[in-house]
Amino acid sequence: MLKNGLLFGSFNPLHLSHIELLSKALESFEFMHVFVRYTDGVDMVDWDTKRNWLESVNETLGNRLRFYKFELAMKDKQYAKLDMAGIFLDCQKKTGVFLDGLICGQDMQYMVDTLKVAFPDRKFIVIPRDSRSSTSIRNNLDAMKDSIPDYVYQDLKARGY
């Protein structure tokens with residue numbers, strides 16, 4: 001098992017596929033350093049609510065997750081335009097630990113391809129994703145209710161979604 005892994009996500013909103021991905025990540029890494037994209041005015045909830053959702057998952061998974069707010073002014077996944085190697089090193093600096101690798105969903109394969117070239121000594125794991133997505137949940141919360149934890153559903157309903 002590797003010591004420290006990196007994972008990026010917007011968790012907008014947190015859903016069961018995210019929890020499964022985090023659980024699988026902890027099969028390969030002792031600790032996961034999770035950089036949570038937050039963009040005020042874009043995210044469905046405020047930062048504190050999102051962090052509370054993630055801390056609930058952390059408790060369930062043995063408190064092996066470390067969360068960092070990653071502010072990025074973009075509405076959609078436009079990571080291909082970013083310097084992912086530079087971001088990886090910035091994340092490593094922010095965590096204060098050596099990052100042994102990264103884990104992500106298959107929708108981020110292009111990011112892994114870039115990072116493998118920049119860091120051939122690290123481990124990069126791509127996990128297949130199922131049909132649940134934050135976009136489908138945002139588009140129809142009630143139809144996707146079974147795809148999210150109840151506490152997330154209740155928070156979103158209380159906010160008028």
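FYI, the numbering just counts along the sequence from 1.
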Residues that Phe29 engages under ring-ring contact (aromatic ring centres under 6.0 Å, His included), provided they are two or more places apart: none
Donor-acceptor under 3.5 Å (Asp100 side chain, Gly5 main chain): no
Arg66 side-chain N/O to Phe31 backbone N/O, donor-acceptor pair under 3.5 Å: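 Not confirmed, Arg66 side chain does not pair with Phe31 backbone.
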Chi angles and distances behind the side-chain contact (heavy atoms from CB on, under 4.5 Å) call for Ile148, Leu141: CA-CA 9 Å; Ile148 57 178; Leu141 178 63; 3.6 Å; yes
Parallel, tilted or perpendicular: ring planes of Tyr38 versus Trp47, cut at 30 and 60 degrees: perpendicular
Mutual orientation of the aromatic rings belonging to Phe11 and His18 [parallel < 30°, tilted 30-60°, perpendicular > 60°]: tilted
side-chain contact (heavy atoms from CB on, under 4.5 Å) between Glu71 and Asp40, worked out: CA-CA 9 Å; Glu71 295 184 70; Asp40 191 37; over 6 Å; no
[Y] and [X], any side-chain heavy atoms less than 4.5 Å apart:
X	Y	result
Leu61	Leu22	yes
Ile19	Leu16	yes
Tyr151	Leu14	yes
Val36	Ser10	no
Leu26	Leu65	yes
Asp46	Arg159	yes

For the hydrophobic clusters of this structure (ILVMFWY residues joined by side-chain heavy atoms under 4.5 Å, transitively), does one cluster hold both [X] and [Y]?
X	Y	result
Leu2	Leu21	yes
Met32	Phe88	no
Leu89	Leu7	no
Tyr68	Met111	yes
Leu54	Phe70	no

Exercise: identify the closest heavy-atom pair between Ala85 and Ala118: CB-CB, 3.8 Å
Nearest heavy-atom neighbours spanning His15 and Ser147: CB-O, 3.2 Å
Cut-off 3.5 Å, no hydrogens considered: what does the side-chain donor-acceptor table look like for residues 90-98, sequence neighbours left out?
{"unit_1": "Gln92", "atom_1": "OE1", "unit_2": "Leu99", "atom_2": "N", "d": "3.0"}
{"unit_1": "Gln92", "atom_1": "OE1", "unit_2": "Arg122", "atom_2": "NH1", "d": "3.1"}
{"unit_1": "Lys94", "atom_1": "NZ", "unit_2": "Lys69", "atom_2": "O", "d": "3.4"}
{"unit_1": "Thr95", "atom_1": "OG1", "unit_2": "Cys91", "atom_2": "O", "d": "3.4"}
{"unit_1": "Thr95", "atom_1": "OG1", "unit_2": "Gln92", "atom_2": "O", "d": "2.9"}
{"unit_1": "Thr95", "atom_1": "OG1", "unit_2": "Val97", "atom_2": "N", "d": "3.2"}
{"unit_1": "Thr95", "atom_1": "OG1", "unit_2": "Val97", "atom_2": "O", "d": "3.4"}

What distance do [X] atom [atom1] and [Y] atom [atom2] have between them, rounded to the nearest 0.5 Å?
X	Y	atom1	atom2	answer
Ser23	Ile127	OG	CD1	10.0 Å
Met144	Arg138	CE	CZ	11.5 Å
Asp142	Tyr161	CG	OH	13.5 Å
Thr135	Asn12	OG1	CG	8.5 Å

Side chain to side chain contact (heavy atoms under 4.5 Å, CB included) partner of Phe124, chosen from Leu6, Leu102, Ile103, Asp113: Leu102
Option passing side chain to side chain contact (heavy atoms under 4.5 Å, CB included) with Phe8 (candidates Met108, Met84, His33):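 Among Met108, Met84, His33, the one that satisfies the side chain to side chain contact (heavy atoms under 4.5 Å, CB included) with Phe8 is Met84.
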salt_bridge(Asp43, Arg37) N-O dist < 4.0 Å: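 Salt bridge flag = no for Arg37 with Asp43.
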Charged N-O contact under 4.0 Å between Arg51 and Glu55: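 Glu55 and Arg51: salt-bridged.
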Val126 and Cys104: CA distance, side-chain angles, deciding distance, side-chain contact (heavy atoms from CB on, under 4.5 Å) verdict: CA-CA 5 Å; Val126 178; Cys104 64; 4.2 Å; yes
